[in-house]
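Letters A, B, ... are given to chains in the order of the sequence lines, protein chains preceding strands, and every chain is numbered from 1. Below, all heavy atoms of this structure are taken into account, side chains as well, without hydrogens, waters or symmetry copies.
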There are 2 protein chains.
Amino acid sequence: MTALDSFDIAILRLIQHDNRLPQREIGEAVNLSAPSVQRRIRRMEAEGVIAANVAQVLPEAVGLPLTIIVEVELLSETPAHIDAAKQRFRAAPEVQQCHYVTGEADFVLILAVASMSAYEEFTRRMFFESGNVKKFRTLVSMDRVKYGTALGF
Amino acid sequence: MTALDSFDIAILRLIQHDNRLPQREIGEAVNLSAPSVQRRIRRMEAEGVIAANVAQVLPEAVGLPLTIIVEVELLSETPAHIDAAKQRFRAAPEVQQCHYVTGEADFVLILAVASMSAYEEFTRRMFFESGNVKKFRTLVSMDRVKYGTALGF
DNA sequence: GGTCATGTGAAAGAATCTTGCATAAAAGCC
DNA sequence: GGCTTTTATGCAAGATTCTTTCACATGACC
């Protein structure tokens, strides 16, 4: 993965907020021609610097108004159990984000669910039936104050 | 905000993973003409159902390899203090996501920072100098197991 | 039945993306 | 220094995609 120069950074800064900006406009903003912008974007996509191009959907609009953050502590923390948990969480549709963390918990999950009962069902399925969860801590979001994947660079 | 039908849902399902899919291809996948797909996407953008169209940038690539999750508990929880905290967190470039939550904490932050010392500097600036933070709990991400804004619908 | 509102597809037009190519700057190498 | 190689650039043409127009179909409501 080759290093990014200031043009790449400037392009990323723009498209991480709006990836439908025409290449011509990006070019004007960063002082580059449209084809150059395009080649740089393609290169960064190929390198994985740009992980994905996505539309951000309002959770409420698709019937998932509840955002819930859960800290999960496992009983067994052997590599095999950790990996099994990762796979489980990754595969669960309710899980929007999942982090394997150091500190007082093993995992932090961010969920998008339809209701508290949907969350309860999730906890049964993912925490109790698996048999490897020691405890979990639930934090219900009242306000998604800041949301998205934009970075501060 | 008018309700979404099954076509809208099908379109969202596709573009929340790849918003550069040609309208023609989306149309073929959902059995609609390209102009129809386009009008639906426009409508959903205008209504806010589609909150944004963005490129997801790999944090490592732009010098922010550390993802840190912080739970923050405030001293004073008056509405004025809550709002002040929301503004502070929203404005901080390190803060990628911020949730105001019920439960054992007031806020959950997800940070993207360059290093542990950058994080320490952040805690000084945001937690100590503000004077309204009772305590905070730090969880450092070792693995972004699942990451993004895609929803499971 | 008639009217209105809404959504649709086909086709033309506009804008954007993509590629080929000649050139220029930078890097490596005698 | 002078040469070659590599890499990136802009221009312009071509291909693709997006956008608009328009006539038509469907269903709701009197």
N or O in side chain of Q23(B) less than 4.0 angstrom from dT19(D) OP1/OP2: yes
Side chain to side chain contact (heavy atoms under 4.5 Å, CB included) partner of V101(B), the single match among I68(A), I69(A), V140(A), D143(A): I69(A)
E45(B) CD - dT19(D) P separation (whole Å): 9 Å
Sugar-phosphate, base or nothing in reach of P22(A), heavy atoms under 4.0 Å: sugar-phosphate
CZ-CD1 distance between R43(B) and I50(B), expressed to the nearest 0.5 angstrom: 9.0 Å
5′-ward residue of the pair F7(B)/E25(A) relative to DNA chain C: F7(B)
Integer-rounded Å distance: dT9(D) P and R42(A) CZ: 15 Å
Interatomic distance where CD1 belongs to I26(B) and P belongs to dT19(D) [whole Å]: 12 Å
Q38(A) vs dT18(C): side-chain N/O to OP1/OP2 distance below 4.0 Å: yes
Touch class at under 4.0 angstrom, heavy-atom based, for S36(A) against every strand present: sugar-phosphate
Euclidean distance, atom CG of residue N53(A) to atom P of dT16(C) [Å, nearest integer]: 18 Å
Aromatic plane relationship, F127(B) with F136(B) - under 30° parallel, 30 to 60° tilted, over 60° perpendicular: tilted
D5(A) CG - dA8(D) C1' separation (whole Å): 10 Å
Interatomic distance where CG belongs to L4(A) and P belongs to dT7(D) [whole Å]: 17 Å
Y147(B) versus T67(B), side-chain donor and acceptor atoms under 3.5 Å: no
Between dA25(D) (P) and L32(B) (CG): distance, integer Å: 18 Å
Whole angstrom value for the distance that separates P of dC17(C) from CG of N19(A): 11 Å
Pairwise distance CG(L21(A)) to CD1(I11(A)) - rounded to 0.5 angstrom: 11.0 Å
Toward the 5' end of DNA chain C, by each residue's nearest nucleotide, L21(A) or A34(B): A34(B)
Side-chain-base donor-acceptor pair under 3.5 Å for R39(B) and dG9(C): yes
Residue-phosphate contact under 4.0 Å: R24(B) side-chain N/O, dT17(D) OP1/OP2: yes
Sugar-phosphate only, base, or nothing, as touched by R40(B) at under 4.0 Å among non-hydrogen atoms: sugar-phosphate
